[in-house]
Amino acid sequence: MRRVQVTRAPRAQAESPRPAHERDAMHWSQFFIPTSKETPKDATAASHVLMLRAGLIRQVAAGVYCYLPLGYRTLRKVEAIVREEMNRAGAIELHMSVLMPLDWWQQTGRTEAMGDTLLRLGGPPGDWRSQTVLGPTHEEQVVDIARAFLGSYKQLPINLYQIQTKFRGEARPKSGVLRTREFLMKDAYSFHADKASLDEGYQKMYDAYCRIFGRCGLPYIAVEADSGPIGGDSSHEFMVLTDAGEDTVAISENGDYAANTERATAFFEGHRDGETPGRSAESGQAAAEPLREVHTPGAGRVEDVCKVLGTTPAQMIKTLIYTVTQPEPQASARGSASEPQAPARGPSAPVSRLVALVRGDHDVNEIKLRKAARQLCGSANASIDMADARTIEELTGAKVGFAGPQGIVERFRAGDMLVIDRDVTALRNAASGANKTDYHVTGVNPGRDFPLAPDDRRPYVLVADIRMVVEGDLSPRGSGSPIRLKTAIEVGHVFKLGTKYSDAMNATFLTREGKPARFIMGCYGIGLNRIVAAAIEANHDDNGIIWPMSIAPFEAVVIALDPRDDHAMEVAAGIYNELAAMGVDVLFDDRDERAGFKFKDADLVGIPLRVVVGKKSLAEGVVEWSHRRDQVKHTLPPAQAAGHIAGLVRAARQTSAALS
RNA sequence: CGGAGUGUAGCUCAGCUUGGCUAGAGCGCUGCGUUCGGGACGCAGAGGUCGCAGGUUCAAAUCCUGUCACUCCGACCA
């Protein structure tokens, strides 16, 4: 740090306005905090605006930011908390490499699964660069370590973690630091000999995460999550509820249920009678009406149709057509070094059509639908896409907007599928498209007009939960509590991975019986930059950031209001020095600026505690102090100031520690 | 990847429609002075390849073509 000074010294000595020996970096006049009054053009999220205005970060490129000193101080504090709690939970820190061989990713099949998200170095074919990737996550590398060094059950369980910069070819970076191409992540990987040990390790991480986010001052909740392409059977996400998030969380009002909408499910009425969804068709109270065609010219959208038919979206069946693509069975994944860019899907990949039925007031959850499709066709890698207009017209015989379920299976080819949402099975005399342009039908009845179960001729029929939950759905716990939807930032994620990676990379250890067995794994991630952004989203006002003490770049700021008044300056500097000596992270605003200017800066930057030393209050024998959060001014004699503030800092630190 | 938009000083933007003289303002920055408890003021300054490349023209920030970057919506997203 001093080195910078030394190299500058010869030139600076004569005329530098601040000679080296007088520098104290924690004097605001000499620190580096480029604040700005202007709201940056491109920032919409509060955290993004404030991080730029408070001089925490600077954008380098889309989704790439550098951390300026103030931002870096906070990031480092977050890092320290994460490290402390991981160590406390028995995890062991290591540092893996960012560059790694493409080969590993081909072994686990994730070259394809991650697609463009996996960043490659490029370079001519055969060059080492074309065989090297920038790590977006480190399962492959840590499994490689495990298969090399973990040979015995005696070494298990073990949890290895790192805090590392990750790279992802994010297609659309957004919201400042919330979604970027380069970011700092804590990723941990646990290895277990059996399922019970995994459950234990998972719970340990879950608890550690609660402590971490609690200590960082985040109002978080843990929700059930979809485990995504990474696979695995159980997973929770740690969410901070804020406007800026890009995830949506379903929470029941009484708090007995919380899940990411990717997987959230609602209470199904059919359960009440103990009915199986497929059978409820026969038990309807209303008499089944015959199908009746109604002319509905131009009414392709649900609302339009309702108007014409005088019905409600909840009484309609929405018929959506998808295509299902099953990739060719993985040809030899190994040794394809000569052709690393092998096309993900050959043109010959078999494509079948899938008809999905949901109620008119519901939307399809494509993650659930994909799961259903995979179950039906038995291919774990099958993908689904909305069908194009031609496919739809071919299947329904009508223009887009007039598809209906009745008789649709008669038009099926081998391999086509029908997936019916549970809630559709409960409908009686519903309305739907007529499979005839400009016509709809009423009196559609599940079971009579379309099958609810597979038979010999149509083996691909499935009733499942394939819809998004909506506001007002009831908690699936059966408590009757309504579900609310909230946007949230995902700050952490814990998975039970199982043997997905140890299988793919053939990573084994020897059991007590001397037989090789695959590691059972868990993996656990935390986005450190997101913690910073989420903390700001959750803690700010019109004037700026309100840092939680635990991650504030400085815990206290001493503002000298009259730097030209020797006495006032002396008192202020004295308090600053005392605080620093007491181990408080303190910044000294010694700048020769007007009072309002400095107050605004202090508010913007968000330091939790503020001491103001000015001629005016000094004349009354006091200095002022206040919390950033409530701005209420208190006074006390200068001699007691440092001691009091240090006490407040200590108390806040203890509160944070008490969470753990 | 699809749709929309924007690139002019460190930051926020005007100028472009209808080509024309030395390319402007505010904030910030430098100097001097006044001011000094909630983002002061005066005077004097520094700072710009008008994203880049090509074209049209006597003449291009302005018109045309291409290209790059960034932002927003969507698709995508351990």
Base, sugar-phosphate alone, or nothing: which one does Lys616(A) contact when heavy atoms must sit under 4.0 Å apart? base
Which value, in whole Å, describes the distance between the C1' atoms of nucleotides U35(B) and G51(B)? 42 Å
Below 3.5 Å, does any donor atom in the side chain of Glu624(A) face an acceptor in the base of G37(B), or the other way round? yes
Hunt down the Watson-Crick or G-U wobble partner of U65(B), both distances under 3.5 Å, from any strand shown, or write none. A53(B)
Atom CG of Asp592(A) to atom P of G37(B): distance rounded to whole Å? 13 Å
Return the value, rounded to whole Å, for the distance between atom CD of Glu366(A) and atom P of G74(B). 14 Å
Taking Asp541(A) for the side chain and Gly544(A) for the main chain, is one N or O donor matched with an acceptor at less than 3.5 Å? yes
Please give, in whole Å, the distance from C76(B) C1' to Leu118(A) CG? 15 Å
Regarding Asp601(A), tell me which of base, sugar-phosphate or nothing describes its non-hydrogen contacts under 4.0 Å with the strands shown. base
Do the non-hydrogen side-chain atoms of Val249(A) and Glu237(A) ever get within less than 4.5 Å of each other? no
G7(B) and A61(B), which share atom name P, separated by this distance in whole Å: 16 Å
Provide the distance between the two P atoms, one in C64(B) and one in C16(B), to the nearest whole Å. 14 Å
Looking only at atom P, what distance separates G26(B) and A9(B), rounded to whole Å? 16 Å
Quick check on U71(B): is either OP1 or OP2 less than 4.0 Å from any side-chain nitrogen or oxygen of Gln59(A)? yes
Partner lookup for G24(B), please. Criteria are Watson-Crick or G-U wobble with both distances under 3.5 angstrom; report none if nothing qualifies. C13(B)
Whichever of Asp187(A) and Ser175(A) has its nearest RNA chain B nucleotide further upstream toward 5': Ser175(A)
Which part of the nucleic acid, if any, lies within contact of Ala171(A), taking any heavy atom under 4.0 Å across all strands shown: a base, the sugar-phosphate backbone alone, or nothing? base
hbond_proxy Glu38(A) side chain to G28(B) base (donor-acceptor, 3.5 Å cutoff): no
Starting at CG of Asp363(A) and ending at P of A75(B), how long is that distance when rounded to a whole Å? 11 Å
Whole angstrom value for the distance that separates P of G39(B) from CZ of Arg594(A): 8 Å
Mate of A40(B) across any strand shown (Watson-Crick or G-U wobble, both atom pairs under 3.5 Å) is U34(B)
Quick one: pull up CZ in Arg179(A) and CG in Asn529(A) and give me the separation to the nearest 0.5 Å. 15.0 Å
How would you label the contact of Pro136(A) with the nucleic acid (heavy atoms, under 4.0 Å): base, sugar-phosphate, or nothing? base
How far, in whole Å, is A4(B) from G47(B) if one measures between their C1' atoms? 34 Å
With respect to the phosphate group of C77(B), does any side-chain polar atom (N or O) of Arg172(A) fall under 4.0 Å of OP1 or OP2? no
Between Tyr209(A) and Gly525(A), is there a donor-acceptor pair closer than 3.5 Å when you use the side chain of the first and the backbone of the second? yes
For Tyr67(A), run the side chain to side chain contact (heavy atoms under 4.5 Å, CB included) check against Leu184(A), Leu56(A), Val177(A) and tell me which one passes. Val177(A)
U57(B) versus U18(B) - spacing of their C1' atoms, nearest Å: 16 Å
Using the P atoms only, state how far C11(B) lies from U65(B), rounded to an integer number of Å. 29 Å
Rounded off to whole Å, could you give me the NZ-to-C1' distance for the Lys600(A) and C36(B) pair? 17 Å
Choose from C36(B), C70(B), C27(B) the nucleotide whose nearest atom is closest to any side-chain atom of Arg564(A). C36(B)
Nucleotide nearest Ala62(A) (side chain, heavy atoms from C-beta), chosen from C70(B), G37(B), A75(B): C70(B)
Give Arg610(A) one of three labels, base, sugar-phosphate or nothing, depending on what nucleic acid heavy atoms sit under 4.0 Å from its own. base
Among G38(B), G39(B), C11(B), which nucleotide has an atom closest to any side-chain atom of Leu604(A)? G39(B)
Rounded distance in Å - CD (Glu593(A)) to P (C27(B)): 15 Å
Mind checking the C1' distance from C68(B) to A75(B)? Whole angstroms is fine. 23 Å
Of the listed nucleotides C72(B), C13(B), G39(B), the one nearest the side chain of Phe597(A): G39(B)
Applying a 3.5 Å limit to both distances, which nucleotide forms a Watson-Crick or G-U wobble pair with G47(B)? none
Under a 3.5 Å cut-off for both contacts, is C77(B) paired Watson-Crick or G-U wobble with anything, and if yes, with which nucleotide? none
Closest heavy-atom pair and its distance - His634(A), Val632(A): CD2-O, 3.2 Å
Whole-Å distance, Lys174(A) NZ to C70(B) P, equals 17 Å
For Arg53(A), report the nucleic acid contact type (base, sugar-phosphate, nothing); a contact means any heavy atom under 4.0 Å. base
Please state whether the base of C11(B) and the side chain of Arg58(A) form at least one donor-acceptor pair under 3.5 Å? no
Check: Phe238(A) ring centroid to Tyr206(A) ring centroid under 6.0 Å: yes
Pairwise 5' ranking along RNA chain B for Lys615(A) and Glu262(A), keeping only the more 5' one: Lys615(A)
Side-chain donor/acceptor contact of Ser36(A) with base of G28(B) under 3.5 Å: no
What I want to find out is whether Lys616(A) reaches Asp562(A) closely enough, with some N-O distance under 4.0 Å, to be called a salt bridge. no
Answer for the Watson-Crick or wobble partner of C72(B), both distances under 3.5 Å, is G3(B)
